[in-house]
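Data block below; observations after.
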Amino acid sequence: MSIVLVRNGERVHALADECSHAAVSLSEGEVSRKGIECWLHGSCFDLETGKPSSLPATEPVDVYAVDIRDGDVFVDVTVTTN
Ligand code: FES
């Protein structure tokens, strides 16, 4: 399992590093205010929910719980929002 971490100000988001459309790595995409955009076909995934806001992807990617303690980032891969 690969995870992509995205820092947004003081927050850190953890998402499955695999686009739900064609299983390419989301960590090679671009991050914007709308989310993380898949580099291959351009679907954009919300950092909070993992839901795509644009086609061709129609299924969300898993989003994992993140805890930051003393500057260290902990990701609970057993807890997803999907
Ligand atoms: S592979 Fe990501 S949108 Fe198609």
Side-chain angles (χ1 to χ4, degrees):
M1 167 196 306
S2 294
I3 294 174
V4 57
L5 296 178
V6 178
R7 182 174 178 174
N8 183 14
E10 295 298 312
R11 301 213 40 209
V12 175
H13 303 272
L15 298 90
D17 189 17
E18 184 177 288
C19 180
S20 63
H21 179 237
V24 299
S25 178
L26 284 179
S27 60
E28 296 178 44
E30 297 286 328
V31 175
S32 71
R33 285 187 303 204
K34 295 190 324 185
I36 188 164
E37 183 178 316
C38 179
W39 61 271
L40 188 55
H41 301 122
S43 287
C44 190
F45 295 88
D46 186 281
L47 298 177
E48 300 278 350
T49 67
K51 293 179 180 172
S53 60
S54 54
L55 295 172
T58 58
E59 296 296 319
V61 296
D62 284 339
V63 176
Y64 303 100
V66 173
D67 188 23
I68 302 173
R69 285 179 253 144
D70 296 326
D72 292 323
V73 177
F74 296 88
V75 178
D76 186 346
V77 296
T78 65
V79 179
T80 69
T81 60
N82 299 316

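Just so you know, ligand 1 is whichever comes first in the structure, and atom 1 is the first atom listed for that ligand. For clarity, every value in this text was computed on a predicted model and none was experimentally measured.
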Quick one: which ligand 1 atoms are inside 4.0 Å of a heavy atom on [X]?
{"X": "S43", "answer": "3 (S)"}
{"X": "V24", "answer": "1 (S)"}
{"X": "C38", "answer": "1 (S), 2 (Fe), 3 (S)"}
{"X": "C19", "answer": "1 (S), 2 (Fe), 3 (S)"}
{"X": "L40", "answer": "1 (S)"}

Check whether any side-chain heavy atom of C19 sits under 4.5 Å from a side-chain heavy atom of V61, and report yes or no. no

Check H21 and report its N/O/S atom nearest to atom 4 (Fe) of ligand 1, by atom name. ND1

Kindly check if the number of other-residue, nucleotide or ligand heavy atoms within 6.0 Å of CD (E30) is above 12? no

Flag, side chain of [X] to backbone of [Y], donor-acceptor distance under 3.5 Å:
{"X": "S43", "Y": "S54", "value": "yes"}
{"X": "R7", "Y": "G9", "value": "yes"}
{"X": "D76", "Y": "A65", "value": "no"}

re atom 3 (S) of ligand 1, the protein heavy-atom contact at minimum distance is H41 CB, 3.4 Å

Could you pull out the closest heavy-atom pair between E28 and W39, with the gap in Å? CB-CD1, 3.6 Å

